[in-house]
Amino acid sequence: MGLNVTQKLIKAHLVSGEMKKGGEIGLRIDQTLTQDATGTMAYLQFEAMGIKRVKTELSVAYIDHNTLQTGFENADDHKYIQTCAKKYGLYFSRPGNGICHQVHLERFGVPGKTLIGSDSHTPTGGGLGMLAFGAGGLDVACAMSGQPYYITMPEIIKINLTGKLRKHVSAKDVILEILHRLSVKGGVGKIFEYSGGGVMTLSVPERATITNMGTELGATTSVFPSDEVTKRFLTLQKREEAYVNIEADPDAAYDGELTVDLSKVVPMAACPHSPDNVKPVSKIGKIKVDQCCIGSCTNSSYDDLMKAAAILKGKTVNEGVSLTVSPGSKQVFDLLAQSGGLSDLIAAGARILECACGPCIGMGQSPGSAGISLRTFNRNFTGRSGTKDAGVYLVSPETAAISAINGYLTDPGEIKEEISYMALDEIKPDDNMIIPPASAVEAETLSVERGPNIKPFPTGHALENEIKTEVTLVTGDNITTDHIMPAGAKILPYRSNIPYLSKYCFTVCDCEFPERMTQHKTGVIIGGANYGQGSSREHAALVPLYLGVRCVIAKSFARIHRANLINNGILPLTFHNPEDYDSFALGDPVTVENARDSVESGNNIVVKNEKTGIRAITTCELSEREKRCILAGGLINSVGML
Ligand code: MIC
Ligand code: SF4
């Protein structure tokens, strides 16, 4: 039997386990990336391992999230990461050079290679035929030190693309259509592999838009083949030597299949407050819009921004709307300027922001009270924009641009004029904002600069046999890491200061949670389904650990967050019978019985509600490696890194 693209990539990197669904596999990692909001922790953890130089083929440290610099914190963290990069053998992408995923696609991604990044949208690299995963900072630190990355062998689902997109319909609409069909839980335990005649009609940046938002499906990752389109993209980037052809064998088998006829896709929008609350734009109606934001790692390529510029050319942004544009990279920004698109955007009244995540992670541009914001981004969770009662809709650049002119949500199918702009035949990439690492000899003489905002990270302690504590929080389904550890302009600068961040833990759901934990010193969280979906931020485990959370008992967990809990010694227990979720209330005293013995033997774990006497059975399926980690109180303890 032939192999599909995913199997070919896994096979070439497999260091432990078998390619059998459900078992743990270890993968050799060729490349890593970090961004600054998770990077500081990742490098502190890397330093704690005592390794002198990264052992990957390529590792890059990007600065793109924390760029507001409202105090000394961001600049200090940037300096820390920059000095780490130079000393430990990483490339450093300076602030201003762009969003990690866009820059990585342009300048570093290589088809057929594995990549892990301390950012959940690292699967963007799948658009280039990479096997790319989002991971916690500690897993990235381990990969930098030459250790494998472990995942559960997922199901491989073929997404069969047929036909061709119609005018004004974009790759964003395709992934929104898939989210509509499968939901934010639809990709859990799965890799989506794109295939079929429609694939060749999509450019690499369009493919990357789709693999980027595979993250919102909860997927382990998404991947496209590497074909002539990939070759053209790499040739444009003057990196044709990186090209290899990787396509599925004709007789390759999959665990499931879904067909999307591109010619039938229509402009879509994800309505508040979930990326899977998707409806056709035409069915939502002409709702009044206060803000439109174009950019983010999902939609900030040259074509995305030029389409928007062409729609806005000669027009003025509606008086009721604030339109922002953030180019994905310095390369995109420069090309936008050279082609005249930038001038069209400025003339129309767009507010041009720097090449960074910006409003996507709440770093400015929070909408007004109950404001309606159309964003070309990938997440619209409550409060993520910085305004709790804002309504954020996720749309394509075309929809955002035409709606910014009209002042109300508009189907881009209504655009009468032809959209045309300068095609890219040749570009002159300039990596002058990427600082290479020092040589190993020079590195010996360099030191790392650490600002006063950088505080040590907490570490867990060995698992005891009986955990006696109480329920300190009960959450509903689909809790995101933005609920657990919010981001945004006020607190993102404190990503290297866990004690400070802890004051904001879960405050989107319950403002008394941090205070309650401080009083009780320990606690358990009762969670619903898909607990911890969203970002890869390890802070959503580190901060609860710091506050004394000993275990989370949920109906189910999102992949990266579960790994982060285990890596930090917090026990993730799953209700055997989901109805038992209703047997626990805030303040109930609980005992996790025989925790250590059960983890060791692989048995179910009983959690007793000491108030009602109800004994809930929970499961904790752990690989031998994960068991060692949980028993030791986290990965750092388990491998004796400190
Ligand atoms: C996000 O989009 O939520 C982030 C900010 O990029 C996160 C990483 C982080 O929290 O630093 C992600 O997606 O992993
Ligand atoms: Fe940055 Fe937003 Fe992409 Fe996260 S989703 S990496 S915040 S642009």
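Note that the coordinates shown come from a computational prediction; the quantities given were computed from them, not determined experimentally. Atoms within a ligand are numbered from 1 in the order they appear, just like the ligands themselves.
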The answer for which part of R495 has a heavy atom under 4.0 Å from ligand 1 is side chain
What's the shortest distance from atom 8 (S) of ligand 2 to any protein heavy atom, and which residue and atom give it? C297 N, 3.3 Å
Examine H121 and say whether one of its N/O/S atoms is closer to atom 2 (Fe) of ligand 2 than 2.8 Å. no
Heavy-atom nearest neighbour of atom 1 (C) of ligand 1 within options M363, R379, H121: R379
F224 vs Y194 aromatic rings, parallel, tilted or perpendicular, using cut-offs 30° and 60°? parallel
Below 4.0 angstrom from a heavy atom of T38, which ligand 1 atoms are there? Numbered from 1 as shown, please. 9 (C), 11 (O)
Closest protein heavy atom (residue, atom, distance) for atom 2 (Fe) of ligand 2: C360 SG, 2.3 Å
Check the side chains of E24 and T152 for a donor-acceptor pair under 3.5 angstrom, ignoring hydrogens and angles. no
Applying side-chain contact (heavy atoms from CB on, under 4.5 Å) between L138 and each of N564, L44, I636, report the one that passes. I636
Ion pair check, R537 and D482, cut-off under 4.0 Å: yes
Run the salt-bridge test on E538 and R495 with the 4.0 Å N-O cut-off and return the result as yes or no. no
Taking 4.0 angstrom as the limit, do R562 and E626 come out as a salt bridge? yes
Which ligand 1 atoms does R537 reach within 4.0 Å, using its non-hydrogen atoms? 1 (C), 3 (O), 5 (C), 9 (C), 10 (O)
Please work out, at 4.0 Å between heavy atoms, whether the side chain, the backbone, both, or neither of I361 comes within that distance of ligand 1. side chain
Exam field: side chain K172 to backbone T376, donor-acceptor pair closer than 3.5 Å: yes
Is the contact between R384 and ligand 1 made by the side chain, the backbone, both, or neither, using heavy atoms and a 4.0 Å cut-off? side chain
Using heavy-atom distances, let me know which of C100, G137, S536 sits nearest atom 14 (O) of ligand 1. S536
2.8 Å cut-off met by an N, O or S atom of C357 to atom 3 (Fe) of ligand 2: no
What protein heavy atom sits nearest atom 12 (C) of ligand 1, and how far away is it? S535 CB, 3.0 Å
Atoms of ligand 2, numbered as shown, that sit under 4.0 Å from any heavy atom of D119: 6 (S)
Closest heavy-atom pair and its distance - Y504, M485: CB-CE, 3.9 Å
Taking atom 4 (C) of ligand 1 as the point of reference, which of H65, M485, H539, H101 owns the nearest heavy atom? H65
Has N212 got a side-chain atom pairing as donor or acceptor with T124's backbone, closer than 3.5 angstrom? no
Donor-acceptor check, side chain of D36 to backbone of D64, threshold 3.5 angstrom: yes or no? yes
Quick one: do the Y531 and S556 side chains pair a donor with an acceptor below 3.5 Å? no
Note the single closest protein heavy atom to atom 13 (O) of ligand 1, along with its residue, its atom name and the distance in Å. S120 OG, 2.5 Å
Atoms in ligand 1 flagged as close to A37, the criterion being non-hydrogen separation under 4.0 Å: 11 (O)
Over all heavy atoms of both residues, which pair between L353 and P327 is shortest? Give the atoms and the distance, please. O-CD, 3.4 Å
Can you pull out the closest protein heavy atom to atom 4 (Fe) of ligand 2? Residue, atom name and distance to 0.1 Å, please. H65 NE2, 3.8 Å
N378, T38, L492, I99: member with heavy atom nearest to atom 5 (S) of ligand 2: N378
Is there a heavy atom in Q35 that sits closer than 4.0 Å to ligand 1? yes
What protein heavy atom sits nearest atom 6 (O) of ligand 1, and how far off is it? D119 OD2, 2.7 Å
